[in-house]
Amino acid sequence: MSFPTHRPRRLRRNEALRGLVRETKLSVSSMVYPMFACPGTKVRTEVSSMPGIFQQSVDQIVEECREVAGLGIPAVLLFGLPEKKDALASEAADPRGPVQRAVEAIRKAKLNLLVITDVCLCEYTDHGHCGVIENEQVLNDPSLIVLADAALSHARAGADIVAPSDMMDGRVAAIRRRLDENNFEDLAIMSYAAKYCSGFYGPFREAAQSAPQFGDRRSYQMDPGNAREALREVATDLEEGADMIMVKPAMPYLDIVQKVRERFDVPVAAYNVSGEYSMVKAAARNGWIDEQRVVLEILTGIQRAGAEIIVTYHAKDAARWLKA
Ligand code: PBG
């Protein structure tokens with residue numbers, strides 16, 4: 001039952017045929033665009049390792065959100081750079097912080113755009129870790145209180161979804177409880193459930209000024225060698241009340257995306273992170289790869305692995321290319 005009866009090339013003869021039988025059709029409706037909000041006005045500073053990505057004050061964020069919504073991208077993911085960092089991440093829950101003000105301003109602009117906020121402490125701590133520190137140890141339970149405070153402040157500002165990325169144990173339950181106690185029972189949680197300790201976050205740490213000042217994140221983020229552990233992480237986050245879960249980074253962890261997709265019946269997101277973006281940009285700038293082809297191939301691969309939501313810095317370009 002093989003050649004010459006079967007000729008797979010029959011269905012590849014022209015674009016109409018290929019389109020008809022294509023299993024994965026990349027769509028802008030699954031994309032989320034990450035953005036970095038900073039203090040001030042009229043600030044728009046390009047991140048040197050992430051061409052096309054900016055640290056922006058709230059007024060500029062709103063302008064870019066208008067463009068994002070116009071391109072048909074359904075959601076943005078907001079990160080914040082505070083005025084001042086301290087040991088306890090005091091500004092993480094500040095109602096006048098850049099993220100909280102950006103959420104309010106986007107809401108006020110009445111854009112057709114979902115606003116997701118990243119909930120973490122590393123951008124707000126002077127030591128750069130994702131939790132509270134004692135004797136150079138990241139403490140789990142005391143961090144939960146600060147994370148829940150931050151999530152509640154995002155909810156009050158009008159966020160549609162909060163996305164904890166810190167990898168403390170029990171943070172989803174702590175955030176869910178705090179939101180429910182404050183009548184935000186309808187606000188969804190997208191947890192970064194399987195977040196690996198990855199070298200691919202390098203450029204992000206420039207963008208968010210969040211590099212740890214000592215040590216690394218190995219005591220809370222996952223070891224790259226582990227796959228079964230990712231399923232346990234997802235299961236616990238779902239038990240704690242997560243509505244959607246995320247795998248991060250995307251490209252080196254597509255097996256995890258696929259396993260999670262097969263095992264759990266909840267929306268799965270994958271984060272095509274900063275280092276993945278920067279590598280493509282650098283190679284494209286050198287003329288070594290065709291950026292458009294490579295980006296659409298990467299995003300298709302992530303979707304084919306099973307992610308229905310893709311967080312990507314390429315979202316605006318991809319939206320334009322998919323429209324053309
Ligand atoms: C905060 C956070 C990080 C990223 C998203 N949320 C950095 C980190 O864990 O060091 C990385 C995103 C990217 O690289 O694009 N904890």
Side-chain angles (χ1 to χ4, degrees), residues 31-37 47-55 76-82 85 89 91-92 98-99 116-125 127-133 138 140 143-144 146-147 150-151 154 161-169 171-172 175 189-224 233 245-253 269-282 295 298-299 302 307 309-316:
M31 292 182 199
V32 177
Y33 185 62
M35 301 180 83
F36 300 94
V47 180
S48 65
S49 54
M50 301 178 73
I53 302 297
F54 298 81
Q55 298 168 340
V76 292
L77 171 62
L78 294 182
F79 295 92
L81 295 115
K85 298 172 190 270
E91 270 195 53
V99 165
I116 310 173
T117 55
D118 183 270
V119 178
C120 194
L121 306 188
C122 60
E123 298 115 86
Y124 301 93
T125 50
H127 46 71
H129 278 287
C130 304
V132 179
I133 294 283
V138 178
N140 195 86
S143 302
L144 301 183
V146 190
L147 289 162
H154 297 176
I161 300 170
V162 293
S165 69
D166 52 285
M167 288 298 278
M168 297 301 122
D169 296 328
R171 80 275 171 73
V172 174
I175 290 171
I189 299 177
M190 175 163 81
S191 82
Y192 292 64
K195 178 174 179 179
Y196 286 87
C197 191
S198 172
F200 287 94
Y201 306 148
F204 173 94
R205 292 181 187 167
E206 181 201 338
Q209 296 164 354
S210 64
Q213 298 306 301
F214 62 87
D216 53 41
R217 305 209 200 290
R218 284 175 220 268
S219 78
Y220 42 107
Q221 298 180 345
M222 281 185 57
D223 189 288
E233 282 281 8
I245 64 91
M246 197 196 289
V247 174
K248 176 186 178 188
M251 286 200 289
Y253 300 92
Y271 199 141
N272 178 219
V273 300
S274 58
E276 300 177 81
Y277 174 85
S278 300
M279 289 195 306
V280 170
K281 284 286 179 188
V295 167
I298 287 170
L299 299 178
I302 296 170
I309 301 163
I310 305 175
V311 184
T312 179
Y313 302 97
H314 297 294
K316 285 182 6 181

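Whatever order the structure lists ligands and atoms in, that order sets their numbers, starting from 1. Predicted model, so just to flag it, every value in this text is computed and none were measured.
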Provide, line by line, the atom pairs where ligand 1 and the protein bring an N/O atom each to a distance under 3.5 Å; else say none.
unit_1: ligand 1; atom_1: 6 (N); unit_2: Ser165; atom_2: OG; d: 3.4
unit_1: ligand 1; atom_1: 6 (N); unit_2: Lys248; atom_2: NZ; d: 3.2
unit_1: ligand 1; atom_1: 9 (O); unit_2: Lys195; atom_2: NZ; d: 2.7
unit_1: ligand 1; atom_1: 9 (O); unit_2: Gln221; atom_2: NE2; d: 2.8
unit_1: ligand 1; atom_1: 10 (O); unit_2: Arg205; atom_2: NE; d: 2.7
unit_1: ligand 1; atom_1: 10 (O); unit_2: Arg205; atom_2: NH2; d: 2.7
unit_1: ligand 1; atom_1: 10 (O); unit_2: Arg217; atom_2: NE; d: 2.9
unit_1: ligand 1; atom_1: 10 (O); unit_2: Arg217; atom_2: NH2; d: 3.3
unit_1: ligand 1; atom_1: 14 (O); unit_2: Ser274; atom_2: N; d: 3.3
unit_1: ligand 1; atom_1: 14 (O); unit_2: Ser274; atom_2: OG; d: 2.7
unit_1: ligand 1; atom_1: 15 (O); unit_2: Ser274; atom_2: N; d: 2.8
unit_1: ligand 1; atom_1: 15 (O); unit_2: Tyr313; atom_2: OH; d: 2.6
unit_1: ligand 1; atom_1: 16 (N); unit_2: Ser165; atom_2: OG; d: 3.4
unit_1: ligand 1; atom_1: 16 (N); unit_2: Lys195; atom_2: NZ; d: 2.9

> What is the distance from atom NZ of Lys248 to atom CE of Met222, rounded to the nearest 0.5 Å?
Replying inline: 13.5 Å
>> Considering only residues two or more places apart or on different chains, which pairs with a residue in residues 211-223 satisfy salt bridge (Lys or Arg N to Asp or Glu O under 4.0 Å)?
In response: Asp216-Arg218
>> In terms of relative ring orientation, are Phe79 and Phe36 parallel, tilted or perpendicular, with 30° and 60° separating the classes?
In response: parallel
> For Asp166, what residues pass the side chain to side chain donor-acceptor pair (under 3.5 Å) criterion, not counting sequence neighbours?
Replying inline: Arg171
>> Just to verify, what does Lys85 make a side-chain contact (heavy atoms from CB on, under 4.5 Å) with, not counting sequence neighbours?
In response: Pro82, Asp126, Gln209
> Does the ring pair (Phe, Tyr, Trp, His ring centres under 6.0 Å) test come out yes or no for Tyr196 and Tyr201, once each step is laid out?
Replying inline: CA-CA 10 Å; Tyr196 286 87; Tyr201 306 148; 9.5 Å; no
